[in-house]
Protein chains: 2
Amino acid sequence: MDSTQTRRTALQGAAQEAQRIADPVVGAGEPMFDLIELMFFAYRDFVGDADHLLENFGLGRAHHRVLHFVNRRPGLTIAELLEILKITKQSLNRVLKDLLDQDYVESRPGVNDRRQRQLFPTAQGKTLALDVARLQSRRFARVFAHLRDGARADAIDFLLAMVDAGERDKVAALVGARPVLAAPGPRR
Amino acid sequence: MDSTQTRRTALQGAAQEAQRIADPVVGAGEPMFDLIELMFFAYRDFVGDADHLLENFGLGRAHHRVLHFVNRRPGLTIAELLEILKITKQSLNRVLKDLLDQDYVESRPGVNDRRQRQLFPTAQGKTLALDVARLQSRRFARVFAHLRDGARADAIDFLLAMVDAGERDKVAALVGARPVLAAPGPRR
DNA sequence: GAAATATGTCAACGATGCTGCCATAAGGGC
DNA sequence: GCCCTTATGGCAGCATCGTTGACATATTTC
């Protein structure tokens, strides 16, 4: 169970200290060039899946992000979307307008607050969003088919830990991942 | 153990069937929304480190990538850089020109083939590239300090596996990671 | 010497960020 | 009802970084 590993905060210091001492290089240890570069290559190919599929529809990466989150959280407001994407409303509006015009997304006045706009995917919006998600999921499926059993849970922990600390709880809640992070798991 | 872990054999079970009925368009299992979204958030914050540091120097993300790889592989040619970055020479030239003008990178005629240009970081180029790499490495260090012992090697395996199959060997060679991936030996 | 190769460059365009500013509509406090 | 705040929309302009296409130059190779 993921909660088997819900306790401890002390190892942090030791590991970091060991890492620092192990490397003669100034500052804070030998740069992790391998991980730095792998983040670049892995992300590039990962988003490539979505890019390639969506270009058939004349939609770009920005459209995809909006469609994805609207599909994932139907009823999302503009403000919530801006908070998730961390872009300006002008940037959002440009792509959102396309999605509305082309009937991938529809907007209705907020239920509680009619100043707000709640966003919903249309039938074709859902289909497209799911098509992309499945394509991306196939990449993950191929990946984990080659890795050991806990690899998927480990990847989730790793990626969540990579998120800025101040954002981590929000992200964890959004993606539905249990915030294992604050209290890591199976120690040595 | 982790019930969140996808079991390939069980994936075709009840959960997916429920999904299929609820939604007519199902391809290959439940989309891994968590991982899809975590890739986005993790990469966003990861590159944010570099972006924020480099904006003090008037350099953008594209400049950073070039500087990074030139620093990592001194003597790189234009063609090799294009192959790594997968952009056009016009895009490269724009940022490379800035780096040359501002003395972060220098170029010399190729040793064997004088048509080529070999690129080298200057002293200040090395310093800047290393500063960024260390900043990014600190994020990784914080991450792994919270995760179990093998987490770093696992992350490397995961990210490398995320790379397109056709690119994986090249990437593995570039980052110096052993291509564990091609031969899925460490199964279990 | 001709062809292929490695690179540089000009011009235009496209996607996606940004800032600044102003407009509109609805909610809330008085 | 008046007024301030909030949620959103829209216009104008700009920056970064990617693209294609066409052409120039130097060098290697055949």
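Within every chain, numbering begins at 1; the chains are lettered A, B, ... in the order of the sequence lines, protein sequences first and strands thereafter. Hydrogens, waters and symmetry mates are skipped; everything else that's a heavy atom, side chains included, is used.
- The stretch residues 48-79 of chain A touches DNA chain D through A:Thr77, A:Ile78, A:Ala79, each having a heavy atom under 4.0 angstrom from the strand.
- Looking only at side-chain heavy atoms (C-beta outward), B:Phe33 and A:His68 come within less than 4.5 Å of each other.
- In this structure, B:Arg142 forms no cation-pi arrangement with B:Phe144, as its terminal cationic atom is not both closer than 6.0 Å to the ring centre and no more than 45° off the ring axis.
- Along DNA chain D, the nucleotide closest to A:Gln116 and the one closest to A:Lys97 are compared, and the more 5′ of them pairs with A:Gln116.
- Protein atom CG of A:Leu96 is 14 Å distant from nucleotide atom C1' of D:dA7, rounded to whole Å.
- Put simply, the side chain of A:Arg152 does not reach to within 4.5 Å of the side chain of A:Leu147, judged on heavy atoms.
- A distance of 6.0 Å separates CG in B:Leu99 from CG in B:Leu67, rounded to the nearest 0.5 Å.
- One can place CZ of B:Arg44 at 17 Å from P of C:dT16, the figure rounded to the nearest angstrom.
- Here the two rings, on B:Phe46 and B:Phe140, have centers that are under 6.0 Å apart.
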Nucleotide N/O to protein N/O under 3.5 Å, stretch nucleotides 21-30 of chain C:
| residue | atom | partner | partner atom | Å |
| --- | --- | --- | --- | --- |
| C:dC21 | N4 | A:Gln90 | NE2 | 3.4 |

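- Checking C:dG17, D:dG18, D:dT8 against every side-chain atom of A:Arg117, the shortest atom distance belongs to D:dT8.
- For D:dT19, the OP1/OP2 oxygens have a side-chain nitrogen or oxygen of B:Ser91 closer than 4.0 Å.
- Under 4.0 angstrom from either OP1 or OP2 of D:dG18 there lies no side-chain N or O belonging to B:Thr88.
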